[in-house]
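Below is one structure, written out as structure tokens; comments come after it.
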Amino acid sequence: MNYRHIYHAGNFADVLKHIVLTLIVEHLKLKPAPFRVIDTHAGTGSYDLSSAEAQKTGEWRQGIGSLIESAPPPDIAELLAPYLQAVRRENDGRDTVRRYPGSPQIARSMLRANDRLVVNELHPEDSAKLSSLFAGDPQTKVLSLDGWDAVRALLPPTERRGVTLIDPPFEQPGEFSRLAQALRDAHKRFATGTVVLWYPIKDEHAVQAFEADVQGVELSKLLSVVLRVREAQETSGLLGSGLVISNPPFTLLDTLEALLPFLEQTLGQGQGARASLGWLKRERSVT
Ligand code: SAM
């Protein structure tokens with residue numbers, strides 16, 4: 001396990017993933033019934049952007065660094081508010097970003113008194129940091145399982161409402177297949193829950209094969225959100241990232257339709273920047 005999220009925390013991919021997470025949690029909060037957020041590959045939960053690791057790549061500068069300095073129009077600012085609030089909270093309310101909250105800390109900051117968070121991280125050092133971040137928190141459980149086992153072990157949650165984020169590091173071959181299998185496992189155990197799968201865009205063929213694979217899962221609603229930040233020929237690294245969301249809140253498509261042009265403009269790194277959104281699978285009415 002070589003991957004450490006500190007090198008990438010707050011980059012464009014984190015920004016998109018975490019905005020979507022906040023939109024889903026906001027939607028869950030519309031009903032009083034409690035829900036659970038499950039994060040199978042959680043990282044450390046909080047990142048020091050002045051650390052040598054974060055400074056080495058500087059990826060956060062073209063992610064949260066660009067977004068925090070942007071001036072979104074009021075309708076967009078409203079949609080971004082829960083996410084930016086979580087980022088500001090990590091920075092003592094300031095707009096200067098010194099720290100970046102990972103998905104566990106973002107989710108935790110949004111919970112009500114009866115909601116629960118389960119965060120799982122396998123790397124021993126990162127898992128220890130996560131445990132100390134949430135020490136004594138009765139609403140958060142920290143585990144150190146293999147994330148793929150965690151999907152099977154943690155679903156369904158007792159609340160029968162919630163969102164599961166599956167955000168693997170993609171450092172080993174076969175991660176796309178494992179991700180699609182995790183969606184199958186999640187759906188089998190908790191058919192009505194929302195699941196968010198994250199993946200990197202480096203190899204377009206791998207992405208197409210993954211989309212075809214998840215389309216074969218027997219569920220009715222599957223939304224795809226993609227943000228490409230540059231042209232393929234510009235780099236051999238990350239060209240963009242995508243999210244596949246099963247059982248998305250019914251408002252998510254419209255919300256993202258409004259948000260994505262702004263994110264493409266703010267997070268794009270050149271001519272090839274392009275955001276896209278669409279159903280991989282959609283419920284059909286039988287009339
Ligand atoms: N979800 C985090 C966020 O958005 O802030 C970022 C997670 S990072 C992309 C992936 C994490 O998965 C890393 O911290 C890595 O140590 C951890 N990891 C790697 N293999 C794992 C496994 N088999 N089970 C659980 N965690 C794993």
Side-chain angles (χ1 to χ4, degrees), residues 1-25 37-49 51 53-54 57 59-60 63-64 67 82-83 86-87 89-90 97 99-110 117-134 140-155 163-179 181-182 185-186 194-202 225 227 237-238 240-245:
M1 291 178 71
N2 292 321
Y3 181 94
R4 312 306 296 276
H5 197 62
I6 179 72
Y7 289 97
H8 311 290
N11 68 4
F12 75 88
D14 258 12
V15 171
L16 176 66
K17 168 180 59 184
H18 293 155
I19 289 172
V20 168
L21 180 65
T22 61
L23 295 171
I24 293 170
V25 174
V37 179
I38 296 171
D39 194 342
T40 60
H41 296 72
T44 63
S46 175
Y47 301 92
D48 178 0
L49 297 179
S51 65
E53 295 94 328
T57 64
E59 287 186 18
W60 66 272
I64 187 57
L67 188 68
Y83 167 68
V87 175
R89 191 174 289 130
E90 195 72 6
V97 205
R99 297 196 68 83
Y100 187 76
S103 47
Q105 189 75 319
I106 290 173
R108 179 64 186 94
S109 73
M110 298 180 74
L117 172 65
V118 181
V119 290
N120 180 73
E121 167 59 47
L122 190 60
H123 193 289
E125 259 176 54
D126 287 1
S127 184
K129 283 189 185 157
L130 199 56
S131 293
S132 78
L133 185 65
F134 293 113
T140 304
K141 188 192 271 188
V142 179
L143 299 171
S144 195
L145 306 170
D146 185 303
W148 307 115
D149 294 336
V151 175
R152 291 186 291 272
L154 300 175
L155 295 177
V163 55
T164 304
L165 172 63
I166 309 180
D167 183 18
F170 279 83
E171 63 178 349
Q172 283 171 13
E175 217 79 316
F176 273 114
S177 310
R178 277 189 285 279
L179 197 54
Q181 182 56 43
D185 290 342
T194 300
V195 178
V196 180
L197 310 176
W198 181 90
Y199 64 88
I201 302 177
K202 288 183 181 172
V225 188
L227 179 60
L238 201 58
S241 71
L243 300 168
V244 168
I245 306 157

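Count residues from 1 along the sequence. Start at 1 and go down the list; that is how both ligands and their atoms are numbered.
Ring pair His8/Tyr3: centre-to-centre distance below 6.0 Å.
For Asp149, the salt bridge (Lys or Arg N to Asp or Glu O under 4.0 Å) criterion is met by Arg152, not counting sequence neighbours. Every ring pair (Phe, Tyr, Trp, His ring centres under 6.0 Å) that Tyr100 has, sequence neighbours left out, goes to His18. Applying the side-chain contact (heavy atoms from CB on, under 4.5 Å) criterion to Lys141, with sequence neighbours excluded, gives Val118, Leu143.
A distance of 7.5 Å separates CG in Leu21 from CG in Asp39, rounded to the nearest 0.5 Å. From Asp48, atom CG reaches atom CD of Glu90 across 10.5 Å, with rounding to the nearest 0.5 Å.
For ligand 1, the 4.0 Å heavy-atom shell takes in Met1, Tyr3, His5, Lys17, His18, Asp39, Thr40, His41, Ala42, Gly43, Gly102, Ser103, Asn120, Glu121, Leu122, His123, Asp126, Leu145, Asp146, Gly147, Asp167, Pro169, ordered by chain and residue number.
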